[in-house]
Amino acid sequence: MDIHENVEYVMLTAEQIETRVKELAAQMDKLYEGRRPVVVCVLKGSVLFFTDLIRNMKTSIELDFMSVSSYGSGTTSSGTLTIKKDLSTDIKGRDVLIVEDIIDSGNTLYNLKKMLIERLPASINIVTLLDKPDRREAPMEPEYTGFVIEDEFVIGYGLDYAEEYRNLPYVGVLKRSVYEN
Ligand code: PRP
């Protein structure tokens, strides 16, 4: 496999991700059988996971996009959520599935879920590809998780460092030398 020179090691191969995404898609099909959920892609990191997940689901769905930020100028997330792009769907009475790439402090999803609940959906579930429970600050547990991972700086398969590496087909650990000077 071709590995980017700034990647220390591959944590999850494209094959491991593909297998797990198919399992999650089957679980989502079971969960939403006979219903038509609004599947929400939280931009930008979740875009690869989102497209692979919905491509493998047989359930009839609607899709929508949201862009939020709980980060200020620093590198740690805070309690305030800024909506950069809102949903175009009215989710009142709808089943909503939020698709995320990673849960770290939990602040983003905690605040996002709280905000969407106020719009009175019939249900809200969260599926995340990656979960870093060691970093948790907010009481946020996703209903469905692809992989629970160690606290490493991961990039690829949607995840970035300074907007780079999102299109790598695997999840890798970034070399420290790239972000430590
Ligand atoms: C990432 C990720 C989650 C959030 C998780 O998004 O996609 O939304 O951070 O962190 P938390 O659990 O500590 O809140 P980011 O703001 O980096 O935007 P991006 O998806 O566009 O890269």
Side-chain angles (χ1 to χ4, degrees), residues 4 6-7 11-12 14 17 20-21 24-25 28 37-55 63-89 91 96-119 121 124-176 178-180:
H4 192 287
N6 291 344
V7 169
M11 183 182 270
L12 300 167
I17 296 169
R20 187 71 185 116
V21 170
L24 287 170
M28 295 305 105
V38 180
V39 186
V40 176
C41 176
V42 186
L43 295 167
K44 305 173 189 168
S46 74
V47 70
L48 274 75
F49 175 45
F50 176 81
T51 53
D52 285 344
L53 183 75
I54 61 171
R55 197 197 321 263
L63 54 85
D64 208 341
F65 300 87
M66 243 188 137
S67 180
V68 297
S69 178
S70 62
Y71 290 80
S73 50
T75 50
T76 53
S77 64
S78 67
T80 42
L81 191 77
T82 311
I83 300 180
K84 294 188 277 185
K85 189 223 167 292
D86 205 341
L87 298 172
S88 55
T89 315
I91 58 166
V96 175
L97 177 64
I98 302 174
V99 182
E100 259 291 16
D101 54 333
I102 189 163
I103 300 182
D104 199 324
S105 71
N107 288 326
T108 305
L109 262 293
Y110 177 78
N111 290 310
L112 179 61
K113 189 174 178 181
K114 206 166 70 177
M115 195 189 75
L116 294 182
I117 282 173
E118 287 169 11
R119 301 182 189 182
I124 294 195
N125 283 295
I126 295 169
V127 58
T128 185
L129 179 72
L130 307 174
D131 186 7
K132 268 189 194 177
D134 293 351
R135 303 254 307 174
R136 201 71 93 249
E137 291 167 13
M140 164 48 57
E141 290 314 318
E143 283 76 17
Y144 300 91
T145 301
F147 301 92
V148 175
I149 63 167
E150 301 287 309
D151 184 15
E152 299 277 10
F153 198 134
V154 283
I155 50 161
Y157 197 68
L159 293 139
D160 75 310
Y161 171 62
E163 294 302 327
E164 205 180 342
Y165 313 110
R166 291 194 197 272
N167 60 327
L168 296 177
Y170 52 82
V171 172
V173 173
L174 188 63
K175 282 186 180 164
R176 280 186 173 273
V178 179
Y179 57 94
E180 274 182 3

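Order of listing sets the numbers, starting from 1, for every ligand and every atom in it.
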Can you name the side chain to side chain donor-acceptor pair (under 3.5 Å) partners of Asp52, sequence neighbours left out?
-> Arg55, Tyr157
Near Glu100 (heavy-atom distance under 4.0 Å), the atoms of ligand 1 are 2 (C), 3 (C), 7 (O), 8 (O)
To the nearest 0.5 Å, what is the distance between CZ (Phe49) and CG (Leu24)?
-> 5.0 Å
Number the atoms of ligand 1 from 1 as they appear, then name those within less than 4.0 Å of a heavy atom of Leu43, with their elements.
-> 20 (O), 21 (O)
Are any of the heavy atoms in Arg166 under 4.0 Å away from ligand 1?
-> yes
Identify, by atom number and element, the atoms of ligand 1 in contact range of Asp101, meaning under 4.0 Å from any of its heavy atoms.
-> 2 (C), 7 (O)
Numbering the atoms of ligand 1 from 1, which are under 4.0 Å from a heavy atom of Ser105?
-> 11 (P), 12 (O), 13 (O), 14 (O)
Stepwise, does the salt bridge (Lys or Arg N to Asp or Glu O under 4.0 Å) test hold for Arg119 with Asp86?
-> CA-CA 12 Å; Arg119 301 182 189 182; Asp86 205 341; 2.9 Å; yes
Check if Val42 has a non-hydrogen atom at a distance under 4.0 Å from any atom of ligand 1.
-> no
N/O separation below 3.5 Å, Gly45 to ligand 1 = yes
Only pairs at least two apart or in different chains count here, so list each side-chain hydrogen bond (donor to acceptor under 3.5 Å, both in side chains) that has a residue in residues 40-51.
-> Lys44-Glu163
Looking only at distances, please establish whether an N/O atom of ligand 1 is found under 3.5 Å from an N/O atom of Gly106.
-> yes
Between Tyr165 and His4, what is the ring plane arrangement, given parallel below 30°, perpendicular above 60°, and tilted in between?
-> perpendicular
Any atoms of ligand 1 less than 4.0 Å from a non-hydrogen atom of Asp160? List them with their elements.
-> 22 (O)
Determine, step by step, whether Glu100 and Lys113 satisfy the salt bridge (Lys or Arg N to Asp or Glu O under 4.0 Å) criterion, reporting the C-alpha distance in whole Å, the side-chain angles of both residues, the deciding distance to 0.1 Å, and the verdict.
-> CA-CA 12 Å; Glu100 259 291 16; Lys113 189 174 178 181; over 6 Å; no
Which atoms of ligand 1 are found less than 4.0 Å from any heavy atom of Lys44?
-> 19 (P), 20 (O), 21 (O)
Heavy-atom closest contact (Ile149 atom, Pro133 atom, distance) = O-CD, 4.0 Å
